[in-house]
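The structure appears below as structure tokens.
The sequence lines fix the lettering, A, B, ..., with proteins before strands; numbering per chain opens at 1. Since we're looking at a predicted model, the values are computed, not measured.
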2 protein chains.
Amino acid sequence: MSISSRFAVAIHILSLLGINKDQINTSEWIAGSVNTNPVVIRKITGYLKNAGLVHVRPGVAGASLARDLSDISLLDVYKAVQAVPENELFGIHDQPNPACTVGRNIQQAIEPLFVTAQLALEKALGNVTIADVVSNILEQERQRSN
Amino acid sequence: MSISSRFAVAIHILSLLGINKDQINTSEWIAGSVNTNPVVIRKITGYLKNAGLVHVRPGVAGASLARDLSDISLLDVYKAVQAVPENELFGIHDQPNPACTVGRNIQQAIEPLFVTAQLALEKALGNVTIADVVSNILEQERQRSN
DNA sequence: ATTACATGTAATATAATAAGTTACAGGTTA
DNA sequence: TAACCTGTAACTTATTATATTACATGTAAT
């Protein structure tokens, strides 16, 4: 299955906070842009807060960036929202037959290979920042007006 | 969510076919090693057959390798079993608000970045073969006897 | 030919999970 | 105190993976 769209939504939120940094961005307003329920936004914002990426406080309207856009990588976001369960990108079948040579060794044989692939993915995500995303957004916006 | 364990099971199957190449490996026998239902095995074997990785024929017992173990990369298997739906590793929320600058551009802004990360993952998977997996299995088996 | 037994596959059941929603507790400010 | 926000628990709904049942079809040996 695909990686949770929570990751994409989180990127959306951060981009919005960057572009609308002079406004007050409430969960309801953000939800209107993402097109989902405000509670979904608040939950994701909570993840981002725990990771130190945004500021939000109970009772006070709006979320804001805690870091510069260029200092937030997609990997930061990916890990913040736990896009993948228990940090395990690849699912492995459990309880293979211990009476079989392959069955009793397959998990340990595969694991390091999966970890390597996972790290390659994470490295790629680490090379991109939200500033790049916003840059892409603004560039496309420019092209629309032509 | 994690990538389907169908991928890991397919690797298990191919490793088994390599190690037990002198035996007749029926879906029931393989299912015993993986610890699942024979129908699950037959379905995955069907994927592998379509990708030209194994030989199987209706009515005749057993599957066998169609290529050398060192000529089957994890990427071949990954694609064969469609470990990820529609080749889209990352899920993206749909119908963001077109009335918002971010909403109407976010999907296109993110997509190429996700593709890049996905390709990094696939490249890593392409660097490993089933022969490597079998090698790991046999190495672990050796260590057990010490 | 008929029997035994395998694969292929449709249909269904079960379980796990993501996303959306409701409801409300608790915090903040005017 | 009133208005309004965030935080969060509880629940619903939708989607999907995996397991299972049932059976059609193919093969080979007797």
Side-chain angles (χ1 to χ4, degrees), chain A residues 1-10 12-13 17 23-51 54-64 66 81-86 88-96, chain B residues 1-10 12-13 17 23-51 54-64 66 78 81-86 88-97:
Chain A
M1 200 176 167
S2 290
I3 290 171
S4 173
S5 65
R6 183 165 61 236
F7 179 34
V9 172
H12 185 142
I13 293 173
L17 295 183
Q23 303 179 20
I24 291 178
N25 299 284
T26 67
S27 64
E28 189 169 352
W29 162 255
I30 299 174
S33 173
V34 173
N35 189 20
T36 184
N37 193 289
V39 175
V40 172
I41 300 299
R42 292 203 286 274
K43 179 159 190 185
I44 295 176
T45 301
Y47 282 119
L48 299 176
K49 177 185 180 180
N50 289 339
V54 303
H55 294 303
V56 223
R57 284 166 48 203
V60 49
S64 58
V81 301
Q82 299 170 26
V84 152
E86 297 171 24
E88 290 178 354
L89 178 59
F90 295 94
I92 305 187
H93 55 299
D94 54 347
Q95 299 183 328
Chain B
M1 199 176 168
S2 289
I3 290 171
S4 172
S5 66
R6 182 166 62 236
F7 180 34
V9 172
H12 185 141
I13 293 172
L17 295 183
Q23 303 179 21
I24 290 178
N25 299 284
T26 66
S27 64
E28 189 170 352
W29 162 253
I30 298 173
S33 173
V34 173
N35 189 21
T36 184
N37 192 289
V39 175
V40 172
I41 301 299
R42 292 203 285 273
K43 179 159 190 185
I44 295 176
T45 301
Y47 282 120
L48 299 177
K49 178 185 179 179
N50 288 339
V54 303
H55 294 303
V56 223
R57 284 166 47 203
V60 48
S64 59
Y78 177 86
V81 301
Q82 299 170 26
V84 153
E86 298 172 23
E88 289 178 356
L89 179 59
F90 296 94
I92 305 187
H93 56 298
D94 53 348
Q95 299 183 329
N97 193 339

>> The test is side chain to side chain contact (heavy atoms under 4.5 Å, CB included); show your working for B:Leu89 and B:Ile3 and say whether it passes.
In response: CA-CA 8 Å; B:Leu89 179 59; B:Ile3 290 171; 3.9 Å; yes
Can you pull every protein N or O that's under 3.5 Å from an N or O on nucleotides 5-13 of chain D?
{"unit_1": "D:dT6", "atom_1": "OP1", "unit_2": "A:Ser27", "atom_2": "N", "d": "3.1"}
{"unit_1": "D:dT6", "atom_1": "OP1", "unit_2": "A:Gly62", "atom_2": "N", "d": "3.3"}
{"unit_1": "D:dT6", "atom_1": "OP2", "unit_2": "A:Ser27", "atom_2": "OG", "d": "2.8"}
{"unit_1": "D:dT6", "atom_1": "O4'", "unit_2": "A:Gly59", "atom_2": "N", "d": "3.3"}
{"unit_1": "D:dG7", "atom_1": "N7", "unit_2": "A:Arg42", "atom_2": "NE", "d": "2.9"}
{"unit_1": "D:dG7", "atom_1": "O6", "unit_2": "A:Arg42", "atom_2": "NH2", "d": "3.1"}

> Tell me: CD1 of A:Ile41 to P of C:dT21, nearest whole Å?
Replying inline: 12 Å
> Got a donor-acceptor contact below 3.5 angstrom from the A:Ser27 side chain to the A:Arg42 backbone?
Replying inline: no
>> Tell me every residue that passes side-chain contact (heavy atoms from CB on, under 4.5 Å) with B:Ala63, counting only those two or more places apart in sequence or in another chain.
In response: B:Leu17, B:Thr45, B:Val56
>> Below the 4.0 Å mark, does C:dA19 have OP1 or OP2 next to a side-chain nitrogen or oxygen of A:Thr36?
In response: no
> What is the distance from CD1 of B:Ile3 to P of D:dT16, rounded to the nearest Å?
Replying inline: 16 Å
> Which whole-number value in Å describes the distance from B:Glu88 CD to D:dT15 C1'?
Replying inline: 16 Å
>> Tell me the interatomic distance from B:His55, atom NE2, to C:dT7, atom C1', rounded to whole angstroms.
In response: 16 Å
> Is any side-chain nitrogen or oxygen of A:Ser4 closer than 4.0 Å to OP1 or OP2 of C:dA19?
Replying inline: yes
> When the distance from CD of B:Gln95 to P of C:dA19 is rounded to whole Å, what number comes out?
Replying inline: 15 Å
>> Please confirm whether the shortest side-chain N or O distance from B:Ser5 to OP1 or OP2 of D:dA17 is below 4.0 Å.
In response: no
> Taking only residues two or more places apart in sequence, or in another chain, which ones meet B:Ala61 in a side-chain contact (heavy atoms from CB on, under 4.5 Å)?
Replying inline: B:Ile24, B:Thr26
> Heavy-atom distance under 4.5 Å between the side chains of B:Val84 and B:Tyr78, does that happen here?
Replying inline: yes
>> In whole Å, I'd like the distance from the CZ atom of B:Phe90 to the P atom of C:dA18.
In response: 16 Å
> Can you check the B:Asn37 CG to D:dC23 P distance for me, whole Å?
Replying inline: 16 Å
> Between A:Asn35 (CG) and C:dT21 (C1'), how many Å, whole number?
Replying inline: 14 Å
